[in-house]
Amino acid sequence: VQLQASGGGSVKAGDSLRLSCAVSGRSFSTYVIGWFRQAPGKEREFVAAIGRSGSTYYAGSVQGRFTISRDGAKNTVALQMNSLKPEDTAVYYCAAVFSLLDIHRDYDIPTTYNDWGRGTQVTVSS
């Protein structure tokens, strides 16, 4: 599948942004979709994932502030980011992995995912 992330931008602390990941290809419903981010000089880290049924999983650092959702009619996955902090500044990537189960057991590991979109920059100033 091909993925394209969009919606990044520059905001102030406390603001919100909504990222979108457009997924093209076959059988959108059979893919687990994850969001990851990478700040300069740091490793890529897990942000959130959504299973085939819509089950959701979050990193502790974003729990309660970010919400991931999927729209099967539009083949898109959104990441609503509220109460943004300067430490959320990073390039955000969406990724997909085919799964027979609702969620891949290693959903929070980047190497689990086969397909990646280009990132979108999120910058949060204090």
Side-chain angles (χ1 to χ4, degrees):
V1 294
Q2 293 80 45
L3 303 99
Q4 184 169 355
S6 62
S10 296
V11 298
K12 294 184 177 180
D15 286 351
S16 299
L17 274 176
R18 185 176 180 86
L19 304 184
S20 182
C21 179
V23 182
S24 60
R26 56 185 179 182
S27 304
F28 171 75
S29 64
T30 63
Y31 285 84
V32 170
I33 307 296
W35 282 98
F36 291 78
R37 65 188 182 187
Q38 188 165 18
K42 295 187 177 181
E43 294 187 352
R44 191 166 298 189
E45 65 173 3
F46 169 73
V47 175
I50 189 163
R52 293 177 52 167
S53 70
S55 57
T56 58
Y57 306 82
Y58 298 95
S61 59
V62 307
Q63 181 79 46
R65 299 189 298 123
F66 290 12
T67 302
I68 188 172
S69 60
R70 66 193 296 160
D71 185 334
K74 297 181 179 180
N75 283 13
T76 58
V77 173
L79 184 68
Q80 177 67 41
M81 306 187 296
N82 299 330
S83 302
L84 283 162
K85 304 175 181 180
E87 50 264 44
D88 294 319
T89 295
V91 177
Y92 283 70
Y93 300 88
C94 57
V97 60
F98 172 80
S99 179
L100 292 175
L101 302 177
D102 177 54
I103 189 70
H104 195 292
R105 66 176 184 178
D106 295 324
Y107 61 85
D108 58 344
I109 300 175
T111 53
T112 295
Y113 295 79
N114 305 118
D115 300 296
W116 292 80
R118 291 186 177 181
T120 185
Q121 177 71 46
V122 172
T123 302
V124 185
S125 60
S126 57

Heavy-atom closest pair, residues [X] and [Y]:
| X | Y | answer |
| --- | --- | --- |
| T30 | R52 | CA-NE, 3.7 Å |
| D108 | F36 | O-CE2, 3.8 Å |
| D102 | S53 | OD1-N, 2.6 Å |
| G8 | V122 | CA-CG2, 4.1 Å |
| F28 | T76 | CZ-O, 3.7 Å |

Look at the rings of Y57 and Y107 and say which category their plane angle falls in: under 30° parallel, 30 to 60° tilted, over 60° perpendicular.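 The arrangement is tilted - the two ring planes meet at 30° to 60°.
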
D15 and V124, any side-chain heavy atoms less than 4.5 Å apart: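 Not touching, per the 4.5 Å side-chain cut-off.
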
Is the F66 to W35 ring centre distance short of 6.0 Å?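 Distance test on ring centres: not under 6.0 Å, no.
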
Do we get R70 above Y31's six-membered ring, with its NZ or CZ under 6.0 Å from the centre and within 45° of the axis?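 No, cation not above the ring by the 6.0 Å, 45° rule.
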
Is the backbone of C94 close enough, under 3.5 Å, to the side chain of Y113 for a donor and an acceptor to pair up by distance?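 No, the answer is negative, given that no donor and acceptor are paired below the 3.5 Å cut-off.
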
Got a sec, which residues hit side chain to side chain donor-acceptor pair (under 3.5 Å) with D115, two or more places apart in sequence or on another chain?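 For D115 there are no side chain to side chain donor-acceptor pair (under 3.5 Å) partners, ignoring immediate neighbours.
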
Under the salt bridge (Lys or Arg N to Asp or Glu O under 4.0 Å) rule, collect the residues that match up with D88, sequence neighbours excluded.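 Salt bridge (Lys or Arg N to Asp or Glu O under 4.0 Å) list for D88, sorted by chain: R37, R65.
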
When you look at CD of Q4, are more than 12 heavy atoms from neighbouring residues, nucleotides or ligands closer to it than 6.0 Å?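 Result for CD/Q4: open.
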
